[in-house]
Each structure stands twice: as C-alpha cells, then as structure tokens.
Amino acid sequence: MPSPATANGPIGVFDSGIGGLSVLAALKRELPQEQFVYIGDAGHAPYGERDTAHVLQRSQRLADYLCTRHQVKALVLACNTATAAAVARLRARYPSLPIVGIEPALKPAAAQSTSGVVAVMATRSTLASDKFQTLLSAQPPSVRFILQACDGLAAAIEQADLPAIESLSQRYLQALRQHPDGGKHIDTVVLGCTHYALISDTLGSLWGPQVSLIEAGQPVARRTRQVLQAADLLQAVGQGTAHMPPSSGTQCLSTGDPALLDQALRDWQVGEPNLRASALYLP
Ligand code: DGL
C-alpha cells in the first residue's frame, strides 16, 4: 500500500508512448508549480490495437510503479485507450489516490458543431470499449457521430514516420468524408487519441479551416487541478519547481527507446527545453 500522499509529491502521468506529452504540456501550463513523472510505455505499445487484458495489465504495472517508487500524489492517464480499459480498476485498486482519465471530447464537439455531424478519430480499442459506447449513448440524438478507428496512426506518430503519418491521415480523412451517413457535412473532429493531438497541424491543414479539431488535454489539466484542490494536495505556489533548476520539475521515462521520447520532447515543447528521457525497465 502506498504511503499517504502529500502536496510535495509528484503527479504521475502515463501513456503508451509519446502521445501523453500533449497532456503533459497542458498540465505544466495549468500547474506550473507541480512536479511530474511521465512514463511512455513504448516497449509495450501500441495499446490501441491490443486486447483489453494487455492494456489493463500494463496500466496496473505503471500505476504500481509510480505509487511505490515515486510516491505520486495523483495519477493522470494521458491515454484514452488506457482510460477506457483501466480507469475503473485503478480507482478500485487505489481508492484514496486522485486519478484523472481522458476520454474523447464528444460533449464539447456536440455543443460546438453547427452541421450536427462530428467525426471521432480514435484507436480501435477505445471505440470498442463499453466506456466509449456509454459516452456515445449519452450524446444528444440530434448530433451524428461518425467513428473512425485509425489503425497504425499512433505507431507512425510514435516513430516520427512522416510519410506514414501523412498517408494514414489522408486515408482516414477520406473514409470519414465519404461516409454515407453525412460525412461531407463533418464540421468538427474529435481527436480521441492523445497521439493525434501531436499532429493537429497536419490534420488541421488536411481538414481545412472550416473544420474544428477538438482534443482534451486542457480539460484534463483543469480537472487535475480541481481534484488536487479537493484533496488538499495542490503544491503551494513558490514551493515547487520555482526553487529548482529548470529541468528538475519533470522526469520522463520510456520503457521503449528513450531516444524516441527524447526526440518527441524536442519536437513537441512541453515547457521545459532541457528535458531529457531516461530508459525504464518495467517488464
Ligand atoms: N495515446 C493512446 C490513446 O490516447 C493510444 C496510442 C496507442 O495505440 O498506443 O488512446
């Protein structure tokens, strides 16, 4: 069992790889005084095309490691696929630990869409999950959601494989636009995988200026602030990174090739220019 959390502890954040950096960046903007331990589970990714048992087992492994080795005071699942598969089980396993998950932003998309046709790009596993189906059934019937499982796209982003990113993005956009259920009227696209938020520029230029892309990094960061506040675990301003050297507020670990996480940290600024990734062996 973990020792009782204190406001001085770090916040644990994990994803199957680099995708969660889009959430980490939002967390660091929202909570600049906090410390973070980020794990990209690239050695066991992609999650989105694996079975639920695998994602559940990895999520528990990462949560246990973050609790026992880093005494995290809260956990952020910066991965839609892991949230769908594991957030309920993690909450049961750690009843006193604040745990924040991420899910595709269907509600904001429904509120924003004027055409009433919304595309959802996510992993196969997220779209097939009970959690997602429940979320979908809670949306207003006046809005039509067209779902697209984007096999291979997270892996291409993870590998920084630009030709594959471009061609898969094109392929899925075309499939959505040509969807018989009103695809040509799509005016809002939900990025339901944290990896896709990292390529929002590419996706934005393919979809064009009439279409809005929605991701959930910022709402997750705000929610994290709320749950920390409610548990009286917010780091007091001036107590955290303000007194530390520039790169000590965040630790980044990869169970795969740390060079890929390193490259991603350079490409996708998370607010600490000198941040470097280290390898983590966690079979
Ligand atoms: N980034 C993860 C998500 O938000 C999934 C990527 C993967 O398939 O591993 O769902």
Side-chain angles (χ1 to χ4, degrees), residues 10-29 31 34-50 54-55 57-59 61-67 69-70 72 75-83 86 100 102 123 150 152-165 168 191 193-202 215-217 220-221 224 241 244-283:
I11 298 169
V13 183
F14 74 82
D15 176 45
S16 63
I18 65 171
L21 295 182
S22 57
V23 179
L24 181 65
L27 284 164
K28 287 174 65 62
R29 280 194 301 274
L31 298 163
E34 300 290 348
Q35 298 179 64
F36 298 92
V37 180
Y38 179 91
I39 305 180
D41 197 21
H44 305 267
Y47 283 0
E49 290 145 51
R50 303 287 295 267
H54 171 79
V55 180
Q57 187 260 330
R58 288 310 301 167
S59 300
R61 186 86 174 95
L62 298 170
D64 289 353
Y65 168 81
L66 285 164
C67 287
R69 293 293 286 274
H70 293 274
V72 294
L75 195 58
V76 177
L77 277 57
C79 176
N80 294 264
T81 310
T83 301
V100 178
I102 187 165
T123 68
C150 300
L153 186 54
I157 296 167
E158 192 69 30
Q159 300 295 323
D161 181 344
L162 300 182
I165 291 172
L168 288 168
L191 304 182
C193 166
T194 52
H195 279 72
Y196 309 162
L198 296 178
I199 58 156
S200 56
D201 287 353
T202 305
E215 49 108 4
V220 164
T224 305
T241 57
M244 296 177 183
S247 64
S248 65
T250 307
Q251 204 177 329
C252 286
L253 305 167
S254 172
T255 62
D257 180 358
L260 288 174
L261 183 53
D262 241 350
Q263 185 57 48
L265 284 165
R266 278 192 287 271
D267 292 347
W268 321 107
Q269 303 292 318
V270 294
E272 281 186 47
N274 300 322
L275 212 49
R276 290 291 167 268
S278 315
L280 170 67
Y281 179 65
L282 202 65

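Scope of the values below: all heavy atoms of this structure, side chains included, with no hydrogens, waters or symmetry mates. One is the number of the first residue; the rest follow in order along the sequence.
In terms of heavy-atom proximity, Asp15 sits nearest to Gly20 at OD2-N, 3.0 Å. Heavy atoms only, all atoms of each residue included: Val76 and Val23 are closest at CG1-CG1, 4.2 Å. Nearest heavy-atom pair across Leu75 and Ala63 is CD2-CB, 3.7 Å. Among all heavy-atom pairs drawn from Val55 and Ala82, the shortest one is CG1-CA, 3.7 Å. The shortest heavy-atom contact between Ala156 and Leu168 is CB-CD1, 4.2 Å. Across all non-hydrogen atoms, the minimal contact from Val13 to Leu66 is N-CD1, 4.3 Å.
More than 12 heavy atoms of other residues, nucleotides or ligands sit less than 6.0 Å from atom CZ of Arg266.
Between Ile11 and Leu31 the shortest side-chain heavy-atom distance falls below 4.5 Å. Under the 4.5 Å side-chain criterion, counting only non-hydrogen atoms from C-beta, Phe14 is not in contact with Leu253. Residues Ser254 and Ile39 have side chains not in contact (no heavy-atom distance under 4.5 Å, counting atoms from C-beta outward). Proximity of Leu191 to Ser200: side-chain heavy atoms (C-beta onward) are separated by under 4.5 Å at one or more points. When side chains are defined from C-beta on, Leu280 counts as touching Tyr65, because their heavy atoms get closer than 4.5 Å. With a 4.5 Å cut-off on side-chain heavy atoms, Pro283 and Arg61 count as touching. Two residues are said to be in side-chain contact when any heavy atoms from C-beta on lie closer than 4.5 Å; Leu21 and Leu261 meet this criterion. Here the side chains of Asn80 and Thr123 are not in contact, with every heavy-atom distance at 4.5 Å or above.
Once rounded to the nearest 0.5 Å, the distance linking CG of Leu27 with CZ of Phe36 reads 5.0 Å. One finds the CG atom of Leu282 at 7.0 Å from the CG atom of Asp41 (value rounded to the nearest 0.5 Å). Rounding to the nearest 0.5 Å gives a distance of 9.5 Å between NZ of Lys28 and CD of Gln35. The distance from atom CD of Glu158 to atom CG of Leu260, rounded to the nearest 0.5 Å, is 6.5 Å. Taken from CZ in Arg58 to OG1 in Thr255, the straight-line distance is 6.0 Å, to the nearest 0.5 Å. For the atom pair Leu265 CG and Cys252 SG, the distance stands at 4.5 Å (nearest 0.5 Å).
A donor-acceptor pair is defined here as one N or O able to donate and one able to accept, closer than 3.5 Å; no such pair exists between the side chain of Glu215 and the backbone of Thr194. One N or O on the side chain of His54 and one on the backbone of His44 form a donor-acceptor pair closer than 3.5 Å. Tyr38 contributes no side-chain N or O that, together with a main-chain N or O of Thr250, makes up a donor-acceptor pair within less than 3.5 Å.
Exactly one residue among Ser22, Ser16, Cys150 makes a side-chain contact (heavy atoms from CB on, under 4.5 Å) with His195. That residue is Ser16.
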